[in-house]
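This report concerns only the one structure given below.
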Number of protein chains: 2
Amino acid sequence: MGHPQESLTYLLQKAAKHSLAALEAALADLDLSARQFLFLALVETHDELSQQDLAAKLSVDPTVVVKLVDQLEERGLVTRTRAADDRRQHRLALTKTGRALLGDATTRQQRAEREFTRAIGARRAELRTLLAEALAQSPAR
Amino acid sequence: MGHPQESLTYLLQKAAKHSLAALEAALADLDLSARQFLFLALVETHDELSQQDLAAKLSVDPTVVVKLVDQLEERGLVTRTRAADDRRQHRLALTKTGRALLGDATTRQQRAEREFTRAIGARRAELRTLLAEALAQSPAR
DNA sequence: TATTGTTATACTCTATAACTATA
DNA sequence: TATAGTTATAGAGTATAACAATA
């Protein structure tokens, strides 16, 4: 280590920023922000979670999720339904349009990530693994 | 891949956020933000760069650097000097106090990063390498 | 009483444009 | 004319607190 500017925080910040910018660019044609895309993807595989659960999973404030869902619902990509077992909670689900758009977006995302990790080639899988493992120990994963 | 929520962008965003929070906490006693720390570290090893060069290196707006330097100069941690060869530019340098604080902060940072990467142990070096290599291909590193 | 989602508001961070001094 | 740094302002993103519905 030695040189603090090679710190993990520094590298992670920069990598996250550039990776986000690349994803934004890749999704621009679909009029979908990176955050909206990642949220759609989360909803697809976790339609059993409440909005607060999703907020915790994303490490963002619950009020952020409210606005995200507002946007996506207005575009007809997701639906809100009261949960049967606890009518305070909402259950989110993708519409047919939402699923189609997510599929299209996913293709673009994968292309953007391969490009972003071009320099490390196949070791991108190792990068994913290391990040996931490090995060798994953190609270509220 | 398959599951978009395992995308690199998603993992990098979360890892960056948590790593930043951990660093902020580790530096709180010193009344130093993570960004101030990373900037001090950058100045120490790059006192030949202009503020705009530093801004590019950090991938932030030049006006952000102005405010950062304002804060650090007011605390007596860095100095601004007009460059001899081009008097429009500033050259930044750490004061004795700045170097001492940076040393203290670096110790805390290293401890925080070891803790953050506890789950991956010695493979944290590999993580650093992968991030650095992926970033090296990006523009304006 | 506590919790989910919502709203309104305040706060922070960042970007934009205009200015100065140097080139 | 163009560039480095600065300033003031606007904009985006986020957090905080108060509220209604439900538990």
Side-chain angles (χ1 to χ4, degrees), chain A residues 9 13-14 16-18 20-21 23-25 27-28 31-39 42-43 46-74 78-93 140, chain B residues 9-10 13-14 16-18 20-21 23-25 28 31-39 42-43 46-74 78-93 140:
Chain A
T9 305
Q13 288 287 125
K14 265 190 88 164
K17 191 168 202 167
H18 287 187
L20 188 69
L23 183 54
E24 296 279 7
L27 298 176
D31 195 30
L32 201 66
S33 73
R35 166 165 274 181
Q36 288 173 331
F37 162 70
L38 293 170
F39 187 76
L42 202 60
V43 169
H46 290 287
D47 58 2
E48 81 286 1
L49 295 181
S50 70
Q51 290 184 192
Q52 297 208 5
D53 291 336
L54 293 168
K57 243 190 171 346
L58 290 169
S59 307
V60 301
D61 194 272
T63 57
V64 170
V65 173
V66 172
K67 295 189 179 176
L68 263 171
V69 178
D70 282 349
Q71 297 161 4
L72 299 174
E73 192 182 34
E74 190 171 4
V78 304
T79 56
R80 273 191 253 236
T81 318
R82 290 281 168 196
D85 55 317
D86 183 344
R87 294 187 45 75
R88 291 173 303 183
Q89 296 182 20
H90 280 157
R91 289 288 178 272
L92 305 180
Chain B
T9 305
Y10 177 81
Q13 288 287 125
K14 266 190 89 163
K17 191 167 202 168
H18 286 187
L20 187 70
L23 183 54
E24 296 279 7
D31 195 30
L32 200 67
S33 73
R35 166 166 272 181
Q36 289 173 331
F37 163 71
L38 293 170
F39 187 76
L42 202 60
V43 170
H46 290 287
D47 58 2
E48 81 285 1
L49 295 181
S50 69
Q51 290 184 192
Q52 297 208 6
D53 291 336
L54 293 168
K57 243 191 169 347
L58 289 168
S59 307
V60 301
D61 194 272
T63 59
V64 170
V65 172
V66 173
K67 295 189 179 176
L68 263 171
V69 178
D70 283 349
Q71 298 162 3
L72 298 174
E73 192 182 36
E74 191 172 5
V78 305
T79 57
R80 271 191 253 235
T81 318
R82 290 279 167 197
D85 54 317
D86 184 344
R87 294 185 47 74
R88 289 173 304 182
Q89 296 183 20
H90 280 157
R91 288 288 177 274
L92 306 180

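Protein chains get the first letters and strands the later ones, always in sequence-line order, with residue 1 at the start of each. These numbers come from a predicted model, not from an experiment. Worth knowing before you read on, the calculation uses all heavy atoms, side chains too, and leaves out hydrogens, waters and symmetry mates.
The distance from atom CG of L68(A) to atom C1' of dA15(D) is 15 Å, rounded to the nearest whole Å. The separation between R91(A) atom CZ and dT4(C) atom C1' is 11 Å, rounded to whole Å. Straight-line distance from the CG atom of L20(B) to the P atom of dT14(D): 13 Å, rounded to whole Å. Distance L49(B) CG to dT3(D) P: 19 Å, rounded to the nearest Å. Distance, E24(B) CD to dA15(D) P: 13 Å, rounded to whole Å. Rounded to an integer number of Å, the gap from NZ of K17(A) to C1' of dT14(C) is 9 Å. Distance, F39(B) CZ to dC13(C) C1': 17 Å, rounded to whole Å. As a whole-Å value, the separation of Q51(B) CD from dA21(C) C1' is 14 Å.
What you find for A16(B) and Q13(A) is that their closest heavy atoms are O-OE1, 3.3 Å.
Ranking dT6(D), dT4(C), dA4(D) by closeness to the Q89(A) side chain, first place goes to dT4(C). Looking at the side chain of R88(B), the nearest of the listed nucleotides dT6(D), dT16(C), dT3(D) is dT3(D). Taking the side chain of D61(B) as heavy atoms from C-beta on, and the options dT6(D), dT4(C), dA15(C), the nearest nucleotide is dA15(C). Picking from dT6(C), dT9(C), dT4(C) the nucleotide with the shortest atom distance to the side chain of K67(A) gives dT9(C). Comparing dT7(D), dA15(C), dT6(C) by their nearest atom to the side chain of V66(B) picks out dT7(D).
Rounded to the nearest 0.5 angstrom, L38(B) CG and L23(B) CG are separated by 6.0 Å. Taking CD from Q51(A) and OG1 from T63(A), the interatomic distance works out to 11.0 Å, rounded to the nearest 0.5 Å. For the atom pair CG (L32(B)) and CD (E24(B)), the distance works out to 9.0 Å, reported to the nearest 0.5 Å. Note: H46(A) NE2 to E48(A) CD = 6.0 Å, rounded to the nearest 0.5 Å.
Listed pair R35(B) / dT14(C) meets the phosphate criterion, a side-chain N or O lying under 4.0 Å from OP1 or OP2. Between R80(B) and dT6(D) there is a side-chain N or O to OP1 or OP2 distance below 4.0 Å.
The shortest distance between side-chain heavy atoms of D53(A) and S50(A) falls below 4.5 Å.
In this structure, R87(A) contributes its side chain and R82(A) its backbone to no donor-acceptor pair below 3.5 Å.
Heavy-atom distances to DNA chain C give each of D86(A) and D70(A) a nearest nucleotide, and the one nearer the 5′ end belongs to D86(A). Where H90(A) and R87(B) meet DNA chain C, the nucleotide closest to each residue was compared, and H90(A) sits on the side nearer the 5' end.
Taking five base pairs at each end of the helix from dT1(C)-dA23(D) to dA23(C)-dT1(D), the local helix axes there meet at an angle of 0°, rounded to 10°.
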